[in-house]
Amino acid sequence: MNKGEAVAGTVCVVLGALMLLESIKFPYFVEGVPGPGFLPLWTSFGIVGTGLVLAVKGFRPRLASQEGITWPDAAGWRRVALMFGALAVSLLLLELLGFMVTTTLFMAVVIFGLGIRSWRILASVPLLSAVGLYVIFAVWLRVPLPKGLLAFFG
């Protein structure tokens, strides 16, 4: 038994359950769109699920992987820095460039940083992902997103 994982997992389950109990007090939908209870409910499910996995691994160590987790090498740390730098720059440029342009560029940098060098993937996946995220948030959930450079499209 790994006491640290068992205790941490149990604490996560308890906190997630408390969060779940509190989140069901808020309306899930308001006027057909996600309300104030939407995000806390799904977040609490994630916390409870993660806590359960961690607790089971703590109580039953043979279910956990036997290989240890190692720290990244120098190239790995450069990739981590690239990801954080790309995130910081994208947050600074979000209002100026808009959601679609910033998200497309951010995802292209991240995919490139992960080692993907295919121009077909670098051109298509970030753009399709940004469009998909735009449809989910701006169209389906009606979240106002910054338009930036694309403001003239309406």
Side-chain angles (χ1 to χ4, degrees), residues 2 4-16 18-20 22-23 26 28 30 33-58 63-154:
N2 184 334
E5 285 186 352
V7 169
T10 305
V11 168
C12 285
V13 169
V14 170
L15 290 176
L18 290 172
M19 187 174 164
L20 178 63
E22 290 298 315
S23 68
F26 295 103
Y28 188 73
V30 175
V33 296
F38 182 84
L39 184 62
L41 179 79
W42 288 105
T43 303
S44 63
F45 281 139
I47 292 171
V48 168
T50 303
L52 285 172
V53 169
L54 192 59
V56 167
K57 283 175 53 179
L63 296 177
S65 70
Q66 299 302 319
E67 53 189 68
I69 298 173
T70 60
W71 286 95
D73 57 359
W77 284 113
R78 282 192 295 275
R79 285 192 297 275
V80 169
L82 175 68
M83 304 301 165
F84 279 122
L87 181 61
V89 169
S90 67
L91 289 174
L92 292 173
L93 296 177
L94 184 60
E95 289 294 327
L96 176 69
L97 299 179
F99 177 80
M100 289 291 292
V101 174
T102 304
T103 303
T104 302
L105 292 173
F106 172 72
M107 293 193 71
V109 169
V110 168
I111 290 172
F112 185 83
L114 291 173
I116 305 297
R117 300 296 187 258
S118 167
W119 286 106
R120 278 189 276 164
I121 291 175
L122 286 170
S124 63
V125 170
L127 181 61
L128 292 174
S129 298
V131 169
L133 289 170
Y134 183 83
V135 167
I136 289 170
F137 287 102
V139 177
W140 183 46
L141 297 175
R142 298 183 191 141
V143 175
L145 298 173
K147 295 191 188 299
L149 296 175
L150 303 178
F152 59 87
F153 284 123

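Values below: all heavy atoms of this structure, side chains included; hydrogens, waters and symmetry mates excluded.
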- [ ] State the CH2-OH distance between Trp42 and Tyr28, to the nearest 0.5 angstrom.
- [x] 5.0 Å
Open item on the list: Can you confirm whether more than 12 heavy atoms, excluding those of Arg117, are under 6.0 Å from its CZ atom?
Closed with: yes
Task: From Phe106 atom CZ to Ile111 atom CD1, the distance as rounded to the nearest 0.5 Å - done: 10.0 Å
Open item on the list: Rounded at 0.5 Å granularity, tell me how far CG in Leu149 sits from CG in Leu96.
Closed with: 6.0 Å
Open item on the list: Let's go through Leu15 and Val11 carefully: what are the C-alpha distance in whole Å and the side-chain angles of both, what is the deciding distance for side-chain contact (heavy atoms from CB on, under 4.5 Å) to 0.1 Å, and is it a yes or a no?
Closed with: CA-CA 6 Å; Leu15 290 176; Val11 168; 3.8 Å; yes
Open item on the list: Checking Thr43 now: which residues fulfil side chain to side chain contact (heavy atoms under 4.5 Å, CB included) with it, not counting sequence neighbours?
Closed with: Met19, Leu39, Ile47
Open item on the list: Less than 4.5 Å apart, side chain to side chain, heavy atoms only: is that true for Leu94 and Pro146?
Closed with: yes
Task: Separation between OG1 of Thr102 and CG of Leu97, rounded to the nearest 0.5 Å - done: 4.5 Å
TODO: Would you please test Leu82 and Phe112 for side-chain contact (heavy atoms from CB on, under 4.5 Å) and show each step?
DONE: CA-CA 10 Å; Leu82 175 68; Phe112 185 83; 5.5 Å; no
Task: Taking every non-hydrogen atom, the tightest pair across Leu141 and Pro34 - done: CD2-CG, 3.2 Å
- [ ] Please report the closest heavy-atom contact between Gly113 and Met83, naming both atoms and the distance.
- [x] C-CE, 4.1 Å
- [ ] Could you tell me whether a side-chain N or O of Arg142 sits under 3.5 Å from a main-chain N or O of Phe137, the two making a donor and an acceptor?
- [x] no
Task: Considering all heavy atoms, the nearest Ala123-Leu127 contact - done: O-CB, 3.7 Å
TODO: Over all heavy atoms of both residues, which pair between Gly16 and Val48 is shortest? Give the atoms and the distance, please.
DONE: C-CG2, 3.4 Å
Task: Residues which pass side chain to side chain contact (heavy atoms under 4.5 Å, CB included) with Ala130, listed by chain and number, not counting sequence neighbours - done: Met100, Thr103, Thr104
Open item on the list: Measuring only between side-chain heavy atoms, which start at C-beta, is Phe45 closer than 4.5 Å to Leu20?
Closed with: yes
Open item on the list: Would Tyr134 and Val139 count as a side-chain contact (heavy atoms from CB on, under 4.5 Å) here? Give the steps.
Closed with: CA-CA 7 Å; Tyr134 183 83; Val139 177; 4.3 Å; yes
TODO: Kindly give the heavy-atom pair with the smallest separation between Leu54 and Ala8, and that separation in Å.
DONE: CD2-CB, 3.8 Å
